[in-house]
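Atoms within each ligand, like the ligands themselves, are counted from 1 in listed order.
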Amino acid sequence: MTSTATDLVVAAWPDCSPRLLRPSQRGVEEYADYVRSGGYRSLKDADALLEQVDLSGLLGRGGAAFPLATKLRTVRDAGRRGAETVVVANGEEGEPASVKDRWLLRHRPHLVLDGLRLATTVVSATRAYVYVSDERSAAAVTDALAELEPAVFEGVSVTVVTVEPGYVAGEETAAVRRINGGPAKPTDKPPRPFEEGVLGLSTMVSNVETLANLPYILEHGAEGFRAVGTPMSPGTFLATITGAGRPPALYEIPHGAAFSDLLKVHGVSADSVRGALMGGYFAGLVNTDILDATLDHETIRRLGSGLGCGAISILTDDCPVAVAASVMAYFDRENAGQCGSCFNGTAAMSAVTSALRDGVAADEDLARLERWSVVLRGRGACGTLDGATNIAASLLRQFPQVIARHLAGDCPSCRSGPFLAKRPYEAEAMAQS
Ligand SMILES: Cc1cc2nc3c(=O)[nH]c(=O)nc-3n(C[C@H](O)[C@H](O)[C@H](O)COP(=O)(O)O)c2cc1C
Ligand code: SF4
């Protein structure tokens with residue numbers, strides 16, 4: 001993989017009108033243009049919108065694919081019991097292989113704010129936060145807020161909170177802790193933010209892409225939202241595509257689209273594909289089974305992986321063992337160092353995958369890696385260790401022949417120069433858009 005900076009390709013999907021992307025949008029979409037295209041339409045009945053969100057089946061786009069309607073209802077009900085409520089639009093985007101949230105915030109801040117407005121209305125929030133680490137995103141959202149009539153967020157204070165970028169900084173309890181004035185490091189759960197979040201109040205943390213779907217649902221209803229996608233993965237998703245020696249790209253893909261079609265759109269020959277790194281760095285590796293897959297939660301889960309935040313790195317020339325070693329080293333560096341199991345576990349798994357890449361691992365090392373990939377799952381305050389165990393388990397399960405070649409010290413890809421990326425497939429570094 002080369003990491004020469006290039007433009008980000010932003011493109012619509014064939015025969016699917018984009019709902020979130022504006023492929024021709026170069027600068028920031030202005031308030032007047034957003035309103036002209038139907039934005040900030042009045043919300044007459046917040047409960048009716050919640051009903052439509054429920055029927056739409058909209059799932060969170062931050063990684064866990066949790067139903068948005070469930071979150072909205074839980075926080076709304078806390079408000080009805082008399083508590084103040086809070087909504088956080090999570091645009092931190094700590095996944096190096098993802099740029100979709102930054103693109104939305106930089107280019108369509110009003111779409112995100114409109115979604116935030118609708119969410120705050122449904123849960124009767126009095127406070128809202130846009131949580132970001134990217135300076136351009138923060139500037140675009142701050143300017144967009146200044147353009148708004150006070151009536152748009154009537155009774156709601158909206159604050160932009162910035163944070164140093166980091167893999168764990170976007171985890172929901174880290175976001176809450178940072179907004180409360182602490183470090184952007186995760187805390188033990190429970191309590192979850194909906195139980196005790198910003199200022200101790202019931203707080204809904206939602207990814208900015210998730211929120212950006214709300215104006216579409218308000219305008220087109222659940223049925224319109226479900227017009228594309230699959231019954232279990234309705235609608236479209238923003239996919240950051242890296243790897244395969246191609247410039248990084250952002251597509252708005254209808255769930256259920258064939259991976260083979262993605263290869264065609266992205267200009268990659270199926271014959272060259274060895275597999276994919278899924279969900280940014282989080283959801284592990286998939287071998288060539290990905291070639292016959294469709295891009296929806298149910299299918300990718302059946303492959304033992306996940307769509308996560310929608311970032312997919314296509315592996316062609318890069319050796320899966322070397323990619324796993326780079327990602328594991330990243331987890332070892334970027335974990336928050338708070339939990340012994342994570343701090344020590346990522347270091348140990350990183351040492352073994354690096355030794356495997358370098359052709360100096362033994363069978364016993366692999367046996368230990370396999371054991372750790374099982375026993376360390378679910379440990380630690382946040383999901384980082386799960387990301388690391390996903391990489392280990394998927395490498396062992398999906399690429400036994402490549403591993404055998406490494407044990408024999410005979411990997412043709414690694415022999416031609418090891419892949420030692422500090423942040424493999426880092427989309428932002430590859431793109432200047
Ligand atoms: C280590 C870690 C990092 C995360 N980083 C992000 C992030 O950068 N942005 C994000 O929206 N969600 C991130 N999440 C998920 C959030 O915790 C949370 O589930 C999400 O913001 C909820 O939004 P959604 O329901 O709309 O997906 C991360 C989770 C983990 C475990
Ligand atoms: S699990 Fe790892 S990354 Fe998460 S809080 Fe603990 S040490 Fe930090």
Side-chain angles (χ1 to χ4, degrees), residues 53 58-72 74-75 87-102 104-105 112 115-116 119 129-134 137 163-179 182-189 192-194 197 203-214 235 237-238 240 279-283 297 306-311 330-347 349-350 376-390 428:
V53 175
L58 172 59
L59 302 173
R61 306 295 199 238
F66 192 80
L68 179 66
T70 306
K71 281 194 187 185
L72 286 168
T74 307
V75 177
V87 179
V88 175
N90 189 354
E92 198 282 324
E93 198 166 43
E95 271 289 356
S98 181
V99 288
K100 51 124 181 162
D101 295 335
R102 257 162 293 183
L104 276 179
L105 290 160
V112 175
L116 181 61
Y129 297 85
V130 183
Y131 178 69
V132 291
S133 55
D134 171 51
S137 299
V163 61
E164 281 291 304
Y167 190 77
V168 298
E171 195 272 345
E172 59 181 5
T173 60
V176 166
R177 199 171 173 191
R178 168 72 187 95
I179 292 168
K185 293 186 175 188
T187 53
D188 281 330
K189 294 172 270 291
R192 291 196 166 271
F194 72 85
T203 300
M204 187 177 93
V205 181
S206 279
N207 174 260
V208 292
E209 180 191 346
T210 316
L211 294 172
N213 277 287
L214 286 176
F237 70 103
L238 295 183
T240 312
Y281 293 177
F282 189 80
H297 295 290
L307 278 183
C309 65
Y330 173 86
F331 282 131
D332 180 26
R333 282 193 310 275
E334 290 275 327
N335 73 78
Q338 298 192 123
C339 315
S341 54
C342 178
F343 183 71
N344 296 319
T346 52
M349 289 193 285
S350 175
L376 293 177
R377 190 169 292 276
R379 307 269 291 271
C382 77
T384 296
L385 196 47
D386 286 348
T389 56
N390 286 340
E428 173 73 358

### Message
Tell me whether K71 reaches ligand 1 (any heavy atom closer than 4.0 angstrom to a ligand atom).
### Response
yes
### Query
When you measure from atom 12 (N) of ligand 1 to every protein heavy atom, which one gives the shortest distance, and what is it?
N90 ND2, 3.4 Å
### Query
Should the pair Y281 and Y167 be assigned to parallel (<30°), tilted (30 to 60°) or perpendicular (>60°) ring geometry?
parallel
### Query
To which protein heavy atom is atom 2 (Fe) of ligand 2 closest, and what is the distance rounded to 0.1 Å?
C342 SG, 2.3 Å
### Query
Considering only the protein, which heavy-atom contact is closest to atom 15 (C) of ligand 1, and what is its distance?
G62 O, 4.0 Å
### Task
Counting heavy atoms only, name the option from A388, C382, G387 that's nearest to atom 4 (Fe) of ligand 2.
C382
### Query
Is any NZ, NE, NH1 or NH2 atom of the basic residue among E171 and K185 found under 4.0 Å from an Asp or Glu carboxylate oxygen of the other?
no
### Message
Can you see whether T346 engages N335 through a side-chain donor-acceptor pair at a distance of less than 3.5 angstrom?
### Response
yes
### Summary
On a heavy-atom basis, the closest approach of V168 and C382 is CG1-SG, 4.3 Å
### Message
Please report whether ligand 1 has a polar contact with E93, defined as an N or O pair separated by less than 3.5 Å (distance criterion only).
### Response
yes
### Heavy-atom nearest option to atom 7 (S) of ligand 2, drawn from C339, G383, G166, A174
C339
### Query
Any chance the side chains of K100 and N207 put a donor and an acceptor closer than 3.5 Å?
yes
### Message
Which residue and atom name correspond to the protein heavy atom nearest atom 8 (Fe) of ligand 2, and how close is it?
### Response
A336 CB, 2.8 Å
### Message
Using a plain distance cutoff, I'd like to know if T210 has any nitrogen or oxygen under 3.5 Å from a nitrogen or oxygen of ligand 1.
### Response
yes
### Summary
In this structure, atom 8 (O) of ligand 1 is nearest to the protein heavy atom G94 N, 2.9 Å
### Query
What's the shortest distance from atom 5 (S) of ligand 2 to any protein heavy atom, and which residue and atom give it?
Q338 NE2, 3.3 Å
### Task
Distance to 0.1 Å, residue and atom name: give those for the protein heavy atom nearest to atom 13 (C) of ligand 1.
G170 O, 3.2 Å
### Query
Any idea which heavy atoms bring R177 and P186 closest together, and the distance?
NH1-O, 3.3 Å
